[in-house]
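From a predicted model like this one, the values you see are computed outputs, not experimental measurements.
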Amino acid sequence: MFCRDCVVLTHKCLPLHSIREWTGAFWVQTCLKDLGLVIQLGHQPGSVCYLPKPPHSDDFLIINNNGIHPVTLRFCGCETADTHVQQLLRHRLFPASTDRPRTAATFSMLEEYHLLSLESKVSSYHYYAALARRNNNTGLTPSKDRYKHFMRIVREWRHLKMLKRAGRGHDPAGVDNTKEGECAVLCPACPHPGKNLPDDWDKVPTDKEWLYALSIAIDANFRLKRRLSSKDSVDPSLSRGWSYFVEELSYKLYSSEHSNTRQEKSACSSHDAINGADTKNSVGLAATGTGSVCCARHETKLAGGVGDLQKGERYVNMDYLFFSALRGTAVKCVNVSYDIVCQWERHLWERMLTLPFTLHFPFTERKVTTFVPKFHLPAHVAECQWKYTFNYIKGAARTDGEAPERGWSTLNAASSSTKEMGPGHRRDVLDDLMGDSNWKKRIGLGETILRKIIEAIPERNEHKEDFYESDQSLSARYAKQLAKWKTEVEAWEHDRSRPNPFEGKSASFTQASIRLQLANDEAKRAMESNVLPIHLEISPSILISMGIDFEDQQRRLHADSGKLGLHATDQQKARMQERTNALVRHIEAWANVQVIYIPGVASIRARSLVNFKSALRPQDFNLWLPSALQRQVPCDTRLEEIEWKLRFGQAHDALNELRQALRSRSYMLCFKDWFLRGQGANTRARNCLKSVDTKIDSSAVKYRTAHGALLALSLLLGKVGWMNSLRPLENEDIRAMTAGTNDCPTEGRRRLSWIWLVCGYSESDAEQDGDEGLQDAIRIEWCKIRARAHRWAEEVDLLFEEQRRMLQFLRWEANWWSDRQSRGLTNDPAVDEGLKAYALRQAALRVELGKYFTRTWCDTEKYSELGDDGRCMFENDLGRSLQPRMY
């Protein structure tokens, strides 16, 4: 507590502190201005202030972090003094106007609000309202309203920060010499000829051109609307397309000239973005949304690639933004991702000719590859799903194309405040937000690329091993077909107009054919249960094969009897009893012959006190085949060899049945989801699916039984190597070709179940009487396994290339800033010193950022060469060393 004079004296260097006065009973708010404090602004260095001259004093409002403060300012009145604006800026006070300013904001407050608006998207209205409440939260003594002044100051602050960080203050020609897109923050990992590409990048072989391709993604966002308030003549932008928003005058002129152009309807799925583009509700809106072009791999917005949509996602707008973003691009290959690319690319180059000549792209000299983002791809028709997928096309690596969606998520938080702004103010704010997002992406690329490498290298190795294994497994049975498939897929990768190897060529399933197949299976099963295949002379092979058939009939009878339930009809019970009686008679006749070949079986059955007459259920009767006997009694080795061969064939038959049933179920599920509506149709489909599921279960049990018998016989006969192809069947192995495990549900990470690699046909059998549908499915899956291995290998190569590009780009940018220190020199030594210091500081920042990235990636090459154990230890160390960064 101090007296009035002491408070003024102690606050001569702290003029914006909040002061309270003790009334004798409580504290009341006051200010230093009322206590007599006058802020004397300093003089120009080397000048002299003549005190006898009457000082010029003004009443000011200064907006600070802790409120809005009325102050008295005394400007220097010397003849050599700076202007009032310069005097304010030298004291870190930003004036609201250049003509007799009466309001200013402190630099510290502007820096705080700027960061808050970038991180939390707080609106200027709410921030200013909070500052006003810091002075008085009752509303009894409100301060003068300076909200409009605050808005003007903040807007100018954003703009000047953008120009300063882009080096525009170092241009001798001044700010007006700024070119379109020159203030944008570039992505250092993208290819920039002359900045981060090798000198011979344009002379690499054709199969390596993808390594220097520019990957971009196009999308529209309808949450970033703008209401119909103000206009460009009243509220122009402070820049003219210098950052991310395209130059507005030319853009709107072209849009208005082609506003009546009708957009053709979608020939693919019913995309609302296409069919509803001309009917988008725009009542009360000046902009229905925003379109953008960004980097598909690093999510940074491209310079000149953002613009407002006047109606909907029309080609008129998106074409202009696309070619504006590509203006000046010298790369030979461009990968374009767009969720409606299948329709947009039609007549694209014809539409380009209507654009201004400066936006024309030399498409005949460049290679443009189009994609549909992975998340949006299932909404397209089947043809698009193999024609535009990132998973199959060479050079796509592991790009997903969904970068715009992730970028919109950060901008959408500002949509509620920007939709009420004027056109120029809104563009300036969104430019600032996108520039901040690009900068955060840049400084975060070190950890991002490192984590991608740690993920990609094990995936590359695993999928490479899968491809090698499938190649080896199929080459023994499909040698000629495999060579043909390889030729076809390489030809398609070179020229996508060639026949697509990922497209099925055999006749597709129909629901009627599947029902017919199930009916035929039931008829065959009924015939087998009624026909008695026993003759007077039974050879050993017939004996064992009949025993295996009876074993299969026991399983079917057990399954069918379990389906009867508690309320079966008499007719159902009668049919089941007739089947039971028939099976008992068949087993009785077979068991009498079995004793002739294996006499010891009679003693085993006698000890178990169970025979075919005393057994209540024939499915419980133990047949005691050689695999079950395990030489408990003497058994002819020839019988064991016969059973081994028959069981080997049975295992392959079971796998063939299992694969066929899985393919049927996959088709039926797709057919049900796409075409069936209503309770009745879905009920019938579910009943059909239950029949297929039953067949899948029975085939799995049949295989496991055969595998168990093979395992037992292999110990007796010394059989080895057979388990390389016929493995134990786990529940997770029973999945369709197009289905992944729970850990790898997506196409790019999916691991093919081993059951699809064991075909059970020799090459001659496959050519003569093999299942063409199965061969077609195997061909497609082999192509997918190959594509997954190649995409992950490309991802690893591309990540290491992006590392190199980033370091080279930062070196180039550091040299660029170092060269700026001698640019823009003025007649003021203080200004020249500031220009030089800022340029050197920016150059040093790039050097330090490059060193940080180098330290982050120092062990990535070693990690690529480590084994699984070494990589696991490396990942554990990484998890402890990398902590979330705050920007």
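Inspection of the Gln842 and Arg846 side chains reveals an N or O donor paired with an N or O acceptor under 3.5 Å. Side-chain contact annotation: Asp432 with His114, donor-acceptor N/O pair under 3.5 Å present. No side-chain donor from either of Tyr113 and Asn65 sits under 3.5 Å from a side-chain acceptor of the other. In this structure, a donor-acceptor pair under 3.5 Å is present between the side chains of Thr106 and Asn64. Side-chain contact, Asp428 with Ser237: a donor N or O sits under 3.5 Å from an acceptor N or O.
Minimum interatomic distance between Leu302 and Cys295 (heavy atoms only, all atoms of both residues): CD1-N, 3.3 Å. Here the closest heavy-atom approach between residue Leu309 and residue Gly291 is recorded as CG-N, 3.8 Å. Pro373 and Glu402 make their closest contact through CB-OE2, 2.9 Å (heavy atoms, listed as atom of the first residue, atom of the second, distance). Heavy atoms only, all atoms of each residue included: Tyr244 and Lys301 are closest at CE2-O, 3.6 Å. Between Met162 and Cys183, the shortest heavy-atom distance links the atoms CG-CB, 3.8 Å. When all heavy atoms are compared, the tightest approach of Thr399 to Ala296 is CG2-O, 3.7 Å.
Using a 30° and 60° split on the angle between ring planes, Phe361 and Phe323 fall in the tilted class, from 30° to 60°. Using bins of under 30°, 30° to 60° and over 60° for the plane-to-plane angle, the ring pair Phe809/Trp812 lands in the tilted bin.
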Side chain to side chain contact (heavy atoms under 4.5 Å, CB included) assessment of Ile453 paired with Val796: CA-CA 7 Å; Ile453 287 177; Val796 174; over 6 Å; no
Glu455 and Arg451: CA distance, side-chain angles, deciding distance, salt bridge (charged side-chain N to carboxylate O under 4.0 Å, His left out) verdict: CA-CA 6 Å; Glu455 175 191 27; Arg451 289 191 174 93; over 6 Å; no
Worked verdict on Phe107 versus Trp157 for ring pair (Phe, Tyr, Trp, His ring centres under 6.0 Å): CA-CA 9 Å; Phe107 281 18; Trp157 177 267; 5.2 Å; yes
Verdict with reasoning, Phe322 to Tyr338, per ring pair (Phe, Tyr, Trp, His ring centres under 6.0 Å): CA-CA 11 Å; Phe322 170 70; Tyr338 193 13; 8.9 Å; no
Stepwise side chain to side chain contact (heavy atoms under 4.5 Å, CB included) check, Thr103 with Phe150: CA-CA 9 Å; Thr103 303; Phe150 173 74; over 6 Å; no
Steps toward side chain to side chain contact (heavy atoms under 4.5 Å, CB included) verdict (Leu88, Phe60): CA-CA 11 Å; Leu88 288 169; Phe60 251 72; 4.1 Å; yes
Check against side chain to side chain contact (heavy atoms under 4.5 Å, CB included), Thr369 and Val336: CA-CA 6 Å; Thr369 308; Val336 183; over 6 Å; no
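The CG atom of Leu186 sits 5.0 Å away from the NE2 atom of His192 when rounded to the nearest 0.5 Å. Within the model, atoms OG of Ser215 and CG of Leu798 stand 7.0 Å from one another, a figure rounded to the nearest 0.5 Å. Taking OG1 of Thr98 as the start and CZ of Arg100 as the end, the distance is 13.0 Å to the nearest 0.5 Å. Once rounded to the nearest 0.5 Å, the distance linking CD of Gln803 with CD of Gln808 reads 14.0 Å. Atoms NZ and CG, on Lys179 and Asp171 in that order, are 7.0 Å from each other to the nearest 0.5 Å. Interatomic distance, CG of Leu835 versus CG of Leu840, reported as 11.0 Å (0.5 Å rounding).
For Phe390, the ring-ring contact (aromatic ring centres under 6.0 Å, His included) criterion is met by Phe371, not counting sequence neighbours.
Looking at heavy atoms from C-beta onward, Thr860 lies out of side-chain contact with Leu799 at the 4.5 angstrom threshold. Counting heavy atoms from C-beta outward, Pro356 and Tyr254 have side chains that approach closer than 4.5 Å. Contact of the Asp176 side chain with the Arg240 side chain is registered, since non-hydrogen atoms from C-beta on lie closer than 4.5 Å. Inter-residue side-chain proximity for Thr448 and His298 is flagged as unmet; no heavy-atom pair is nearer than 4.5 Å. In this structure, Trp210 and Asp797 have side chains that are in contact, with non-hydrogen atoms separated by less than 4.5 Å. When side chains are defined from C-beta on, Tyr128 does not count as touching His149, because their heavy atoms never get closer than 4.5 Å. A 4.5 Å side-chain heavy-atom check between Thr418 and Leu430 finds at least one atom pair inside the cut-off. Put simply, the side chain of Ile443 does not reach to within 4.5 Å of the side chain of Tyr852, judged on heavy atoms.
A distance-only check finds a donor-acceptor pair linking the side chain of His360 to the backbone of Met352 [under 3.5 Å]. A distance-only check finds no donor-acceptor pair linking the side chain of Thr329 to the backbone of Val331 [under 3.5 Å]. Remark: side-chain polar atoms of Ser324 are paired, donor with acceptor, to backbone N or O of Gly304 under 3.5 angstrom. For the pair Trp817 (side chain) and Arg841 (backbone), a donor-acceptor distance under 3.5 Å is absent. Side-chain atoms of Arg804 come within 3.5 Å of backbone atoms of Asn196 as a donor-acceptor pair (strictly under, hydrogens ignored). No donor-acceptor distance shorter than 3.5 angstrom exists from the side chain of Arg158 to the backbone of Val429, with no hydrogens or angles considered. Between the side chain of Tyr863 and the backbone N or O of Ile454 there is at least one donor-acceptor pair closer than 3.5 Å. Using a distance-only test at 3.5 Å, with no hydrogens or angles considered, no donor-acceptor pair links the side chain of Asn335 to the main chain of Ala213. Checked by atom type and distance alone, the side chain of Glu247 pairs as donor or acceptor with a backbone atom of Ser250 at under 3.5 Å. No donor-acceptor pair under 3.5 Å is formed between the side chain of Tyr838 and the backbone N or O of His170.
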If you look only at distance, which donor and acceptor atoms sit under 3.5 Å apart when one is on a side chain in residues 197-206 and the other is two or more places apart or in another chain?
none

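With respect to Glu813, the salt bridge (Lys or Arg N to Asp or Glu O under 4.0 Å) criterion is satisfied by exactly one of Arg442, Arg165, Lys195: Arg442. Just one residue in the list Arg152, Arg226, Arg427, Arg155 forms a salt bridge (Lys or Arg N to Asp or Glu O under 4.0 Å) with Asp235, and that residue is Arg155.
Using a 4.0 Å cut-off between charged nitrogen and carboxylate oxygen, Lys836 and Glu833 do not count as a salt-bridge pair. The pair Glu795-Arg297 meets the salt-bridge criterion, with a side-chain N (NZ, NE, NH1 or NH2) lying under 4.0 Å from an Asp/Glu carboxylate O. Ion pairing between a basic and an acidic side chain is recognised when a charged N comes within 4.0 Å of a carboxylate O; Glu802 and Lys452 show no such pairing.
Applying the salt bridge (charged side-chain N to carboxylate O under 4.0 Å, His left out) test to residues at least two apart or on different chains, the pairs with a partner in residues 326-338 are Glu180-Arg327, Glu209-Lys332.
For Asp99, the CG atom counts as loosely surrounded, since its 6.0 Å shell holds 12 or fewer non-hydrogen atoms of other residues, nucleotides or ligands.
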